[in-house]
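This structure is a prediction, so every number in the text was calculated from the model and none was measured. Any value given below was found using the heavy atoms of this structure, including those in side chains, with hydrogens, waters and symmetry copies removed. Order of appearance sets the numbers: ligands from 1, and atoms from 1 within every ligand.
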Amino acid sequence: MFTAWRLEQNDQGFHAALTHFEDSDLPEGNVTVAVEYSTLNYKDALALTHRGPVVRRWPMVPGIDGAGTVLDSSHPDWQPGDCWLLNGWGVGETHWGCLSQRARLNGDWLIPLPKGFSSRQAMALGTAGYTAALCVLALERHAAHPAQGEVLVTGASGGVGSVAVALLAKLGWTVTASTGKLQEEAYLRALGASHIIDRNTLSAPGKPLQKERWAAVVDTVGSHTLANACAQTRWGGVVAACGLAGGMDFPTTVAPFILRGVTLAGIDSVMQPRAARCKAWQKLVELIDLQMLERIAHDIPLDQAASAAQDLLDGRVRGRLVVKI
Ligand code: NDP
């Protein structure tokens, strides 16, 4: 027997409950794992509350991230006792996920737990931290460099934003953090932000080209915020777009791209090939200060996942939520 969150959608509507399962209930897969820690990402919160169309098969066990040990495997890369880490691949969306004591997964989706992180620390970063690292790698791939000027991080007090601020500051960037939680100024400065701006200054419709300000941007918000960030990016700058916390739309013109040579780099964490995942996690191993990570992360038990998901979507969570299984 094991316990997991079970999401169901039927004639009576949507229902989320902690449920007892048998091992025989687990889906197909060539590696069976014990989950030690999972986490609550924005996407997990949408799934648990049914506020967004994340789940594409019912019933579903949510949880796009997990870390723990292998119990049983017929995959050549994995033996019982190995420490594994999983981010994405549609787990928690189309395949049962990791807000569960057990999971059965495809061994190709797993990577070894990076040396230097415990399973809890890996989940304190989770998809949010790994995505922040993918954003930083995208800026570097497009030759963005701290000597070129300031970097803007939007949704800075959230999971992706917090880790992006910490990584970029560690790399020597002067970081401007855009936030709706101005009361979190001390937290953002402790992560390494040099300047804090109110997110309202970016969220209203703006002109297609504005005063040049940012050498680079990591945007987790989308909509007018992303449009304004592009409009304020300096000639030749790079904008890594990974999120939609403010909206899915992108109301802008081609002006920043064809008149200022701005590069818009799209970031998808879910389908990244294994080599890119390992590179992003290596970046996190090299740059993350583990004491700083403790400022970002808060632990919750498995049974509080659904109420914490409401808090996260209502903007009451700072940083990252780690779920102890
Ligand atoms: P969080 O909920 O932890 O953080 C989102 C932050 O965005 C909030 O803390 C808040 O920060 C800001 N925000 C929330 N609502 C609004 C709003 N209406 N307008 C403007 N800002 C808002 O989520 P994550 O950090 O986990 O994820 C951030 C985004 O990135 C999400 O959209 C998520 O889906 C996406 N994402 C995408 C991935 C990919 O592969 N492309 C992977 C991971 C995440 P503040 O109060 O500081 O402004």
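- Between Trp5 and His20, a ring centre-to-centre spacing not shorter than 6.0 Å is recorded.
- Numbered from 1 in the order shown, with element, the atoms of ligand 1 that lie under 4.0 Å from a heavy atom of Leu312 read 2 (O).
- Every atom of ligand 1 with a heavy atom of Thr127 under 4.0 Å away is listed here by number and element: 42 (C), 43 (C).
- Distance check, rounded to the nearest 0.5 Å: CZ of Arg104 to OG of Ser24 gives 8.5 Å.
- The distance between the ring centers of Trp89 and His95 does not fall below 6.0 angstrom.
- Atoms of ligand 1 lying under 4.0 Å from any heavy atom of Thr220, numbered from 1 in the order shown and given with element: 28 (C), 29 (C), 32 (O).
- Within ligand 1, the atoms closer than 4.0 Å to a non-hydrogen atom of Gly243 are 29 (C), 30 (O), 32 (O), 35 (C), numbered from 1 in the order shown.
- Scanning the protein for heavy atoms near atom 47 (O) of ligand 1, the closest one is Thr179 OG1, 2.5 Å.
- Looking only at side-chain heavy atoms (C-beta outward), Thr49 and Leu313 come within less than 4.5 Å of each other.
- The closest protein non-hydrogen atom to atom 4 (O) of ligand 1 is Gly158 CA, 3.2 Å.
- With a 4.0 Å heavy-atom cut-off, ligand 1 is reached by the backbone of Ala156 but not by any atom from C-beta on.
- Side-chain contact between Leu85 and Pro114 is present, with heavy atoms from C-beta onward closer than 4.5 Å.
- For atom 3 (O) of ligand 1, the nearest non-hydrogen atom of the protein is Gly159 N, 2.9 Å.
- Atoms of ligand 1 lying under 4.0 Å from at least one heavy atom of Ser157, given by number and element, are 9 (O), 11 (O), 45 (P), 46 (O), 47 (O).
- In this structure, a donor-acceptor pair under 3.5 Å is present between the side chains of Gln121 and Ser118.
- Atoms of ligand 1 lying under 4.0 Å from any heavy atom of Gly246, numbered from 1 in the order shown and given with element: 17 (C), 18 (N), 19 (N).
- A cation-pi arrangement is found for Arg318 relative to Tyr187, the charged atom lying closer than 6.0 Å to the ring centre and inside a 45° cone about the ring normal.
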So Thr32 and Arg102, side chain to side chain donor-acceptor pair (under 3.5 Å) or not? Walk me through it.
CA-CA 7 Å; Thr32 305; Arg102 280 196 185 187; over 6 Å; no
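- Here is the list of ligand 1 atoms found below 4.0 Å of a heavy atom in Gly180: 45 (P), 46 (O), 47 (O), 48 (O).
- Closest heavy-atom approach to atom 22 (C) of ligand 1 among the candidates Lys181, Arg199, Arg320, Gln183: Arg199.
- Closest protein heavy atom to atom 34 (O) of ligand 1: Tyr42 CD2, 3.4 Å.
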Please assess Thr127 against Asp65 for the test side chain to side chain donor-acceptor pair (under 3.5 Å), listing each intermediate value before the final yes or no.
CA-CA 7 Å; Thr127 282; Asp65 283 335; 2.5 Å; yes
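- Every atom of ligand 1 with a heavy atom of Thr131 under 4.0 Å away is listed here by number and element: 38 (C), 42 (C), 43 (C).
- Looking at Leu321, Ile267, Leu244 and measuring to atom 32 (O) of ligand 1, the nearest heavy atom belongs to Leu244.
- The residue among Cys242, Gly266, Ser269, Ala245 with a heavy atom at the shortest distance from atom 37 (C) of ligand 1 is Cys242.
- A salt bridge links Glu294 and Arg120; the closest N-O separation between the charged side-chain nitrogens and carboxylate oxygens is under 4.0 Å.
- In this structure, atom 44 (C) of ligand 1 lies nearest to the protein heavy atom Val160 CG2, 3.8 Å.
- The proximity of Val221 to ligand 1, defined as any non-hydrogen pair under 4.0 Å, is limited to the side chain.
- No more than 12 heavy atoms of other residues, nucleotides or ligands lie within 6.0 Å of CH2 in Trp235, so this atom counts as exposed by the packing criterion.
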